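As a basis for the values below, the full set of heavy atoms in this structure was taken, side chains included, without hydrogen atoms, waters or symmetry mates. A note on names: the letters A, B, ... follow the listed sequences, proteins ahead of strands, and every chain is numbered from 1. All values reported here derive from a predicted model rather than from experimental measurement.
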Number of protein chains: 4
Amino acid sequence: MPVEMQSTLEPRKTPVQARSTVTVEAIAEAAIQVLLSHGVERLTTTRVAERAGVSVGTLYQYYPNKQALLFAVLEAHLDKVTALLSRACEESHGLPIKAMVKHVIEAFVDAKMERTDVSMALYKIAAELGGVKVVRSVGERSHRTIEQMLMTVPGVQFEDVKFTARMMMATMAGTTRNVLEAGATPALVKGLRKHLVLLCQSYLQSCNAHAV
Amino acid sequence: MPVEMQSTLEPRKTPVQARSTVTVEAIAEAAIQVLLSHGVERLTTTRVAERAGVSVGTLYQYYPNKQALLFAVLEAHLDKVTALLSRACEESHGLPIKAMVKHVIEAFVDAKMERTDVSMALYKIAAELGGVKVVRSVGERSHRTIEQMLMTVPGVQFEDVKFTARMMMATMAGTTRNVLEAGATPALVKGLRKHLVLLCQSYLQSCNAHAV
Amino acid sequence: MPVEMQSTLEPRKTPVQARSTVTVEAIAEAAIQVLLSHGVERLTTTRVAERAGVSVGTLYQYYPNKQALLFAVLEAHLDKVTALLSRACEESHGLPIKAMVKHVIEAFVDAKMERTDVSMALYKIAAELGGVKVVRSVGERSHRTIEQMLMTVPGVQFEDVKFTARMMMATMAGTTRNVLEAGATPALVKGLRKHLVLLCQSYLQSCNAHAV
Amino acid sequence: MPVEMQSTLEPRKTPVQARSTVTVEAIAEAAIQVLLSHGVERLTTTRVAERAGVSVGTLYQYYPNKQALLFAVLEAHLDKVTALLSRACEESHGLPIKAMVKHVIEAFVDAKMERTDVSMALYKIAAELGGVKVVRSVGERSHRTIEQMLMTVPGVQFEDVKFTARMMMATMAGTTRNVLEAGATPALVKGLRKHLVLLCQSYLQSCNAHAV
DNA sequence: CATGAATGAGGTTTCATTCAT
DNA sequence: TATGAATGAAACCTCATTCAT
């Protein structure tokens with residue numbers, strides 16, 4: 001991916017007609033297909049257009065450049081995961097720590113593991129998109145959501161909720177990624193799901209104890 | 001007219017004269033420099049050769065292709081980190097859990113954080129090299145080292161040491177990476193260093209409790 | 001970073017718009033021009049594209065690689081010669097040996113000599129393409145055509161028609177090539193045309209006699 | 001093979017010491033080996049040197065450039081074949097046509113077929129060396145040898161001996177080459193050996209008859 | 001004499017992007 | 001709007017040849 005960085009990542013035109021919406025989604029979906037079948041390295045705009053059943057020209061009508069396309073795909077995924085995570089957080093407000101962590105972590109792992117192939121492919125996109133700030137902003141949002149949830153744990157006062165939330169997120173996301181990339185067997189995923197809960201539960205409790 | 005293909009990652013020729021040893025290292029070093037200054041995407045063999053003060057031809061005398069170069073650089077880094085980790089593990093044999101974890105985790109975080117820029121750049125290489133098995137094999141080695149260490153904790157019998165070791169590694173490496181990639185301020189790194197210890201300590205203890 | 005390999009000689013895409021048909025032919029023609037003016041050794045895809053008045057990229061839209069281009073050019077030539085030869089063979093069914101040979105040989109020599117420069121240039125391509133089977137398959141076809149023709153000679157039964165046909169072809173093609181490559185003056189070509197007929201006539205007759 | 005044509009094809013230095021002679025021959029032999037195992041396209045000076053067990057530098061001490069090396073190899077082969085042919089011609093002076101042709105043709109075919117692989121590889125070199133005049137001059141010599149032989153046939157006066165000799169040579173060499181390149185099975189070679197004799201015998205006789 | 005490290009022009013091929021139809 | 005032909009910069013890699021050691 002050559003030349004300039006981050007020219008315009010915004011979609012070029014907002015599809016108003018139904019037909020266009022279909023096209024836009026077909027392209028995004030095709031991008032994922034190509035990602036899975038060919039890898040990032042071999043994902044080309046032409047190839048994506050082909051898979052989507054449109055011409056390159058059409059692709060460029062909706063996405064100003066390749067980065068914007070990749071970005072849109074990544075964003076959709078992140079949005080989905082973030083939404084699931086947020087919901088789980090909100091549902092957990094006021095629960096005791098153990099239940100809260102269990103609910104949230106399982107929601108996250110399940111979201112990521114639903115399509116491990118897609119998740120992995122998207123890690124590569126994220127790397128490719130590197131500095132792009134929006135990727136981080138997604139993290140920010142989740143960060144705040146978790147932070148707010150942690151503040152509702154009954155009878156607990158964390159020393160530094162902000163940091164604790166950050167740490168929990170990093171563990172959750174980082175560990176999951178690591179397992180995924182090392183080649184996740186179903187058994188391993190199951191273990192991860194259970195022990196990531198354990199991990200965060202004991203961590204948060206020790207944070208609390210520590211605080212006391 | 002090309003015709004053939006050879007996808008070896010092995011260095012092409014072992015330098016016999018003193019002069020060439022210098023060259024080989026200059027190239028590897030230059031690769032890191034370019035990685036940092038331009039990013040993976042803009043790392044070209046020509047650019048690396050230029051930076052190293054040699055011609056492309058020379059580069060290709062020692063590395064059969066670009067991948068091999070990147071691989072060599074990554075391998076050197078991984079070897080270093082692995083070596084430090086192994087040492088810490090061996091030094092910790094027989095220590096009580098808390099001390100053991102503290103020693104090992106701190107060694108790992110320090111190794112990774114010594115040059116955050118290099119570490120981050122190498123994550124991208126690792127992504128690029130994707131499937132390459134050797135990357136995984138490094139993980140395997142560390143895995144065994146940690147497993148063996150865990151078996152020496154006095155008075156503790158883990159339900160499934162293999163998995164526990166795997167989990168600890170994933171947490172250690174994954175969380176560190178996540179923090180790094182989200183943009184690590186020195187303060188954050190300090191917090192990570194401390195809390196990653198906490199995290200693993202409490203996890204291992206709860207694993208143990210669980211077993212009982 | 002390359003990674004894959006595809007060594008198809010098949011044209012990459014069939015032109016659908018009128019414009020591109022023109023382009024494809026311009027490129028093939030340019031290839032011959034370059035072949036004549038620079039020689040195989042100095043025929044580069046860039047040079048061909050330049051001569052054709054298009055960009056390299058365009059060339060690669062229609063020919064997946066250099067070999068495919070050379071192959072296409074060679075094939076066109078061989079097809080033409082083969083077609084002329086086949087026609088002459090068919091027209092000669094049932095003729096007495098002398099007339100038959102005269103008709104066929106003259107058709108062949110005339111086809112090859114129409115553009116001696118092109119013929120010679122293509123010998124080099126054929127060498128370059130070496131093993132490529134299609135080159136041989138052209139020979140096969142002609143072989144059968146000649147064999148079938150020989151079986152129609154009235155009052156003659158060859159001992160081993162298959163071999164006789166093979167021998168006749170080898171003589172016809174080989175001798176012509178030899179003369180061509182040794183530097184064919186018009187006078188020499190004229191002599192060849194006449195004596196190659198003589199050669200094959202007397203050979204076939206002696207084969208027949210031999211059989212009797 | 002780039003840049004200039006035909007700078008100097010003469011060996012750079014005439015080896016005076018025994019050791020050098022050995023080296024020179026080892027290199028020439030290695031060139032043939034590489035030719036057979038890798039093909040012309042992949043014959044590089046470095047590869048030849050390696051195979052010969054010397055350094056490239058050494059190779060360049062004896063051959064001023066790659067062309068000169070190839071040329072030397074080709075020349076050696078041609079010289080050998082030419083010598084055998086000449087001897088056969090001289091031995092045949094004064095014989096009747098049939099015996100003469102049989103002796104000469106069989107000598108030629110046997111010489112070429114002794115190492116079909118080498119013969120074929122050398123055709124490619126000859127193509128590569130293209131215009132180089134010395135290749136032709138070898139032909140000239142043989143031409144004269146044959147011509148002189150033909151003039152000794154008892155009781156025969158050819159209309160145009162020069163041309164007849166040329167034609168015989170072209171047939172002999174061309175047909176052999178054609179069979180060789182189309183993939184010569186031992187059976188085919190045997191047939192060629194016999195029928196090439198037949199071919200030339202009947203041709204020469206009909207030439208003679210013609211003259212009368 | 002021999003070595004082999006270094007050179008760098010030059011070749012092939014890809015792919016994001018534009019624009020006439 | 002959609003198409004897909006055209007573009008061309010830029011990447012990777014090779015290999016004949018030289019020259020310091």
Output the single nucleotide from [options] whose closest atom is nearest the side chain of [X].
| X | options | value |
| --- | --- | --- |
| Tyr62(B) | dA5(E), dG4(F), dA6(F) | dA5(E) |
| Asn65(B) | dT13(E), dC13(F), dT3(E) | dC13(F) |
| Thr44(D) | dA16(F), dT13(E), dA6(F) | dA16(F) |

Q) Given that Tyr60(B) and Gly53(A) both sit by DNA chain F, which one's nearest nucleotide is further toward the 5' end? A) Gly53(A)
Q) Do Leu35(A) and Leu122(A) come within less than 4.5 Å of each other through their side chains, counting heavy atoms only? A)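 A side-chain contact exists here, since the closest heavy-atom pair is under 4.5 Å.
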Q.
Could you check whether any side-chain heavy atom of Arg42(D) comes within less than 4.5 Å of a side-chain heavy atom of Ser37(D), counting everything from C-beta outward?
A. no
Q | Stepwise side chain to side chain contact (heavy atoms under 4.5 Å, CB included) check, Ile125(B) with Phe71(B) | A | CA-CA 8 Å; Ile125(B) 288 194; Phe71(B) 178 72; over 6 Å; no
Please check the phosphate of [N] (OP1 and OP2 only) for any side-chain N or O of [X] closer than 4.0 Å.
| X | N | result |
| --- | --- | --- |
| Arg47(C) | dG11(E) | yes |
| Ser55(D) | dG4(E) | no |
| Thr46(B) | dA11(F) | no |
| Thr58(C) | dT7(F) | yes |
| Thr45(B) | dC12(F) | yes |

Q.
By the 4.0 Å heavy-atom rule, please label Leu43(D) as base, sugar-phosphate, or nothing.
A.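 Here Leu43(D) touches the backbone only, sparing every base.
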Q) Of Leu59(B) and Val56(C), whose nearest nucleotide on DNA chain E comes first from the 5' end? A) Leu59(B)
Q) Relative to the 5' end of DNA chain E, which residue comes earlier, Val54(D) or Gln61(B), by the nucleotide with the nearest heavy atom? A)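 In this pair, the answer is Val54(D).
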Q | Base partner of dA10(F), which must satisfy Watson-Crick or wobble distances under 3.5 Å | A |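 Paired with dA10(F), as far as the under-3.5 Å criterion goes, is dT13(E).
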**Q.** Partner nucleotide, any strand, of dA20(F) [Watson-Crick/G-U, under 3.5 Å]
**A.**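 Per the H-bond distance test, dT3(E).
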